K.L.:
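Below is a structure I'd like to ask you about.
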Amino acid sequence: MLRCHDRRANPSAEREQSFVGGGSEGSQLRLLQSPPLVWLGDSMTHWSQFFIPTLKESPADAEIPSHKLLIRAGLVRKLSGGLYTYMPLGLRVMQKLTEICRQEINAGGGIELWMPHVHPVENWQDGPRWAAAREIMFRVDSAGDGKRGPREPEFVLGPTHEEIITPLVKTEITSYRDLPKNFYQIGTKFRNEIRPRYGLMRAREFVMMDAYSFDAHDEGAVKSYFAMKSAYERFFKRIGALAIAVEADTGVMGGSYSHEFMVPAEVGDDDIIYCEESGYAANREKATSGLVPAGWADPAPAGALEEFATPGVVTIAALEAAPYSVPADQQFKTLVYIGDGKPFLVVLRGCDELEEAKLGQLGFGLFRPATPEEIVAVMGAKPGSLGTVRGTIANPAALAGIFADHAVRLIGNGTTGANKDGFHLRNVNVQRDLAIDRFGDFRRVKAGEPCPKSGQPLKSRRGIEVGHIFKLGTKYSEKFGAVYTDDQKQSHPMVMGCYGIGVSRTLQAVIEQSHDADGIVWPWTVAPFQVLICLLDPQVSEALDLARRLATVAERAGADVLIDDRMERPGVKFKDADLIGIPLRLTIGGKGLKEGIVELKRRSSKDVAKVSLPEAEARLSAEIAALSAAAGG
RNA sequence: CGGGGUGUAGCUUAGCCUGGUAGAGCGCCUGGUUUGGGACCAGGAGGUCGCAGGUUCGAAUCCUGUCGCCCCGACCA
């Protein structure tokens with residue numbers, strides 16, 4: 001029979017103790033509530049001494065499950081839009097993630113360093129993407145010397161570090177003997193996102209692992225690239241996240257090719273286009289399809305070019321309707337963009353949409369859709385009557401180029417605008433009639449189109465981008481003069497790669513991927529604690545002793561242990577346990593102890609195993625070993 | 001930056017249309033009864049109703065402005 005020994009609210013002993021202080025009624029109460037001294041200085045984490053502010057209800061501003069759970073489980077608290085405090089429990093997860101990340105990047109050849117997060121703006125002005133990057137950087141107006149106006153800030157907060165690492169490597173590495181090198185850091189990044197959302201998913205301040213590889217030759221850069229790709233794959237596997245590598249757009253980064261690591265999730269803000277047959281997978285921004293078969297011969301012209309009146313017709317849909325009845329896939333859509341100040345044209349089929357990211361291949365630093373005024377100035381007609389038939393463009397000399405998507409070649413005897421308001425042209429044929437400088441892939445791929453590899457219908461799903469790797473080439477090294485001397489005394493720019501893992505975003509992606517109606521289900525390797533000892537009667541000294549003994553066993557087996565020793569009702573403890581999602585729960589309660597048992601339960605399962613006291617230590621160790629092994633050690 | 005919404009106690013919110021002393025649940029504090037899946041009873045603390053103007057005898061409520069937040073879009077290294 002267990003002896004009851006209430007350490008907190010017990011009458012006599014504590015009352016005496018409180019009188020020792022001889023204080024007022026208030027200070028006596030405070031003393032009564034102070035923790036038993038025996039727990040202080042103990043390495044085990046006791047819930048009552050820790051801080052896990054759980055919430056029954058979701059805050060109103062959380063929309064998606066992972067965001068709600070981040071808040072409810074007491075992992076983070078919001079300071080302001082896109083700015084979060086990592087609470088003790090959340091910090092523990094971050095620490096686990098960063099440590100695993102560190103191990104795998106090290107294994108992939110990374111060398112850790114630490115760079116400043118406040119950057120002289122000159123580094124960015126000297127770099128190749130200042131125009132695009134300035135908008136999202138937090139800026140610090142002045143160091144206080146008063147020499148600069150507010151329009152020329154001295155410092156920016158770093159959104160990433162190419163502009164810092166490249167000049168560093170330029171001065172420190174000059175010989176091929178010192179190459180290759182791959183430097184990385186794990187730290188805070190600042191991006192003034194236009195619209196922060198979904199908690200840590202798109203934050204203004206976030207934690208990122210960023211790595212930068214420098215190689216003497218392209219082959220080496222490819223090797224570095226794939227070493228990192230493998231490291232990423234090991235990282236995501238170890239943390240229990242399903243992340244798939246997809247081909248990606250290089251965006252403002254520039255560079256030759258890149259992969260994104262995506263965690264499939266409904267709430268992701270990227271579209272993944274993929275084919276199960278061939279394994280093809282790409283971000284929609286980059287995805288291509290086998291719409292135009294290899295060896296496709298353009299349809300032969302059948303009839304002369306002919307202008308016809310189309311009063312009031314300014315949309316694809318209107319031209320599809322009677323009396324014109326031109327199917328959208330037989331119409332040419334002509335879009336006017338402004339690239340670095342000069343207009344250029346993009347021609348698509350009427351049924352296709354432009355994938356703006358694909359305009360990046362044209363090499364403009366900045367581009368945007370033209371305004372109606374700009375369109376009239378160059379084309380001679382308003383939107384809705386535009387076309388690229390030779391001789392119809394009002395001011396062709398102003399154009400920086402006319403680019404057409406490959407798919408327009410599927411059109412034979414199509415219809416396009418006459419660059420004259422209210423008129424279109426029919427029997428338009430690509431080769432014969434259109435003034436096109438270059439064909440390319442500009443259209444947005446839709447699910448159902450043939451896979452470029454297998455020809456099978458492509459599928460699409462949403463994903464969260466948690467990592468990105470780029471083979472950068474020499475864009476930055478040339479700009480910053482990061483060159484080395486080879487064994488022939490020749491100077492060459494280093495071939496770079498850059499790599500990022502959104503660690504804080506990954507934290508949330510793991511939750512998004514691993515939760516149920518009751519709360520988070522942490523993977524073993526990143527769980528803030530791996531074993532929760534749920535002590536239903538913490539005031540019973542034998543039960544407490546048992547909990548601490550079993551906690552020691554679990555720690556020796558390599559697990560992080562949390563003892564829930566709070567004076568709460570069992571229901572509260574179980575609900576909290578499910579909410580914070582500790583993988584293995586061991587319950588010690590009065591009822592079980594009367595039968596001589598404790599209970600073991602995995603968070604991921606409904607099954608509860610009753611374990612007799614003599615077997616408890618062995619079973620606990622075995623369970624930890626099993627979970628640890630299943631997680632890959 | 002465009003469109004929509006919202007702001008009331010630590011959290012979730014009612015009240016606003018139709019102006020008349022600001023309510024509830026959770027949480028918190030005190031006492032008691034409970035004690036294996038978010039207990040119960042009694043008592044209590046806590047709100048310049050985002051902020052600034054205006055209308056009015058009187059504003060959480062109506063008007064104007066402003067700020068924050070959320071959603072959609074644009075944007076997204």
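Small disclaimer: the values here were computed from a predicted structure and weren't measured. Chain letters run A, B, ... following the sequence lines, proteins first and then strands; every chain starts at 1. Reckoned from all heavy atoms, side chains included, excluding hydrogens, waters and symmetry mates.
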K.L.:
Does Lys56(A) make a side-chain N or O approach to OP1 or OP2 of rU12(B) shorter than 4.0 Å?
P.N.:
no
K.L.:
Scan Pro59(A) against the nucleic acid and name what it touches under 4.0 Å (heavy atoms): base, sugar-phosphate only, or nothing.
P.N.:
sugar-phosphate
K.L.:
What interatomic distance, in whole Å, is found between C1' of rC67(B) and the corresponding atom of rC51(B)?
P.N.:
7 Å
K.L.:
Which of these passes salt bridge (charged side-chain N to carboxylate O under 4.0 Å, His left out) with Glu355(A): Arg444(A), Lys286(A), Lys446(A), Arg443(A)?
P.N.:
Arg444(A)
K.L.:
Given the C1' atoms of rC17(B) and rU21(B), what is the spacing between them in whole Å?
P.N.:
22 Å
K.L.:
Which part of the nucleic acid does Gly592(A) contact within heavy-atom distance under 4.0 Å: base, sugar-phosphate only, or nothing?
P.N.:
base
K.L.:
In whole Å, I'd like the distance from the CD atom of Glu57(A) to the P atom of rC28(B).
P.N.:
13 Å
K.L.:
What about Arg585(A), does its side chain sit under 3.5 Å from the base of rG36(B) through a donor-acceptor pair?
P.N.:
no
K.L.:
Find the partner of rU12(B): check Watson-Crick (N1-N3 plus N6-O4 or O6-N4) and G-U wobble (N1-O2, O6-N3) distances, both under 3.5 Å, and reply none if neither fits.
P.N.:
rA24(B)
K.L.:
Is any side-chain N or O of Arg72(A) under 3.5 Å from a base N or O of rG38(B), one able to act as donor and the other as acceptor?
P.N.:
yes
K.L.:
Over all strands shown, is Asp537(A) touching base, sugar-phosphate only, or nothing at heavy-atom distances under 4.0 angstrom?
P.N.:
nothing
K.L.:
Asp61(A) has an atom CG; how far is it from atom P of rC70(B), in whole Å?
P.N.:
6 Å
K.L.:
With the threshold set at 4.0 Å, does a side-chain nitrogen-carboxylate oxygen contact exist between Asp271(A) and Arg462(A)?
P.N.:
yes
K.L.:
Between atom CZ in Phe51(A) and atom C1' in rG27(B), what is the gap in whole Å?
P.N.:
13 Å
K.L.:
Looking at every strand, decide which applies to Glu356(A) at a 4.0 Å heavy-atom threshold: base, sugar-phosphate, or nothing.
P.N.:
sugar-phosphate
K.L.:
Determine the interatomic distance between P on rG15(B) and the same-named atom on rG73(B); round to the nearest Å.
P.N.:
30 Å
K.L.:
Should Arg602(A) and Glu623(A) count as an ion pair when the cut-off is N to O under 4.0 Å?
P.N.:
yes
K.L.:
C1' atom, rU64(B) versus rU56(B): distance in rounded Å?
P.N.:
16 Å
K.L.:
OP1 or OP2 of rC69(B) less than 4.0 angstrom from a side-chain nitrogen or oxygen of Ser80(A), does that happen here?
P.N.:
yes
K.L.:
Should rG2(B) form a Watson-Crick or G-U wobble pair with both distances under 3.5 Å, which nucleotide is its partner?
P.N.:
rC72(B)
K.L.:
Base, sugar-phosphate, or nothing for Gly589(A), non-hydrogen atoms under 4.0 angstrom?
P.N.:
base
K.L.:
Applying the Watson-Crick and G-U wobble criteria at under 3.5 Å, what pairs with rG7(B)? Answer none if nothing qualifies.
P.N.:
rC67(B)
K.L.:
Which nucleotide, if any, forms a Watson-Crick or G-U wobble pair with rU33(B), using both distances under 3.5 Å?
P.N.:
rA39(B)
K.L.:
Give me the distance, rounded to whole Å, that separates rC63(B) from rA22(B) when you measure between the C1' atoms they each carry.
P.N.:
22 Å
K.L.:
Is Lys479(A) salt-bridged to Glu162(A), cutoff N-O under 4.0 Å?
P.N.:
no
K.L.:
Please check the phosphate of rC70(B) (OP1 and OP2 only) for any side-chain N or O of Lys78(A) closer than 4.0 Å.
P.N.:
yes
K.L.:
Hey, is the side chain of Arg195(A) poking within less than 4.0 Å of OP1 or OP2 on rC71(B), counting only N and O atoms?
P.N.:
yes
K.L.:
Considering just the side-chain nitrogens and oxygens of Tyr198(A), establish if one lies under 4.0 Å of OP1 or OP2 belonging to rC69(B).
P.N.:
no
K.L.:
Would you kindly compare Arg204(A) and Leu55(A) by the position of their nearest RNA chain B nucleotide and give the one closer to the 5′ end?
P.N.:
Leu55(A)
K.L.:
In terms of relative ring orientation, are Tyr232(A) and Phe236(A) parallel, tilted or perpendicular, with 30° and 60° separating the classes?
P.N.:
perpendicular
K.L.:
Please evaluate the base of rC76(B) for a donor-acceptor partner in the side chain of Arg202(A) within a cut-off of under 3.5 Å?
P.N.:
yes
K.L.:
Rounded to the nearest angstrom, tell me the gap between atom NZ in Lys573(A) and atom C1' in rG38(B).
P.N.:
13 Å
K.L.:
Under 4.0 angstrom, heavy atoms only, what part of the nucleic acid is Asp269(A) near: base, sugar-phosphate, or nothing?
P.N.:
nothing
K.L.:
Quick one: does Glu599(A) reach the base of rG36(B) with a side-chain donor-acceptor pair under 3.5 Å?
P.N.:
yes
K.L.:
What distance do Met201(A) atom CE and Ile511(A) atom CD1 have between them, rounded to the nearest 0.5 Å?
P.N.:
9.0 Å
K.L.:
Which base sits across from rA77(B) as a Watson-Crick or G-U pair, both distances under 3.5 Å?
P.N.:
none
K.L.:
Roughly how many Å is it from CZ in Arg134(A) to C1' in rA77(B), rounded to a whole number?
P.N.:
17 Å
K.L.:
Taking only side-chain N and O atoms of Arg569(A), does any of them lie within less than 4.0 angstrom of OP1 or OP2 on rA39(B)?
P.N.:
yes
K.L.:
Please verify the inter-ring angle class for His259(A) with Tyr225(A); under 30° counts as parallel, over 60° as perpendicular, anything in between as tilted.
P.N.:
tilted
K.L.:
Under the 3.5 angstrom rule, does the side chain of Glu374(A) hit a backbone N or O of Thr371(A) as a donor-acceptor pair?
P.N.:
yes
K.L.:
Under 3.5 Å for both donor-acceptor distances, Watson-Crick or wobble: does rA59(B) have a partner, and if so which one?
P.N.:
none
K.L.:
Taking atom C1' of rC76(B) as reference, at what distance in whole Å does atom NE2 of His468(A) sit?
P.N.:
12 Å
K.L.:
Say you pick atom C1' in rG50(B) and the same atom in rA9(B); how far apart are they, in whole Å?
P.N.:
14 Å
K.L.:
Does Arg603(A) come within less than 4.0 Å of Asp516(A), counting only side-chain N to carboxylate O?
P.N.:
yes
K.L.:
What is the separation between atom NZ on Lys601(A) and atom C1' on rG37(B), rounded to the nearest whole Å?
P.N.:
11 Å
K.L.:
Considering just the side-chain nitrogens and oxygens of Arg197(A), establish if one lies under 4.0 Å of OP1 or OP2 belonging to rC72(B).
P.N.:
yes
K.L.:
Taking atom C1' in both rG46(B) and rG23(B), compute the distance separating them and give it to the nearest angstrom.
P.N.:
14 Å
K.L.:
Between atom CD in Glu193(A) and atom C1' in rC75(B), what is the gap in whole Å?
P.N.:
9 Å
K.L.:
Quantified in whole Å, what is the C1' atom distance between nucleotide rC75(B) and nucleotide rC62(B)?
P.N.:
38 Å
K.L.:
If you assign each of Ala62(A) and Asp270(A) to its closest nucleotide in RNA chain B, which residue comes earlier from the 5' end?
P.N.:
Ala62(A)
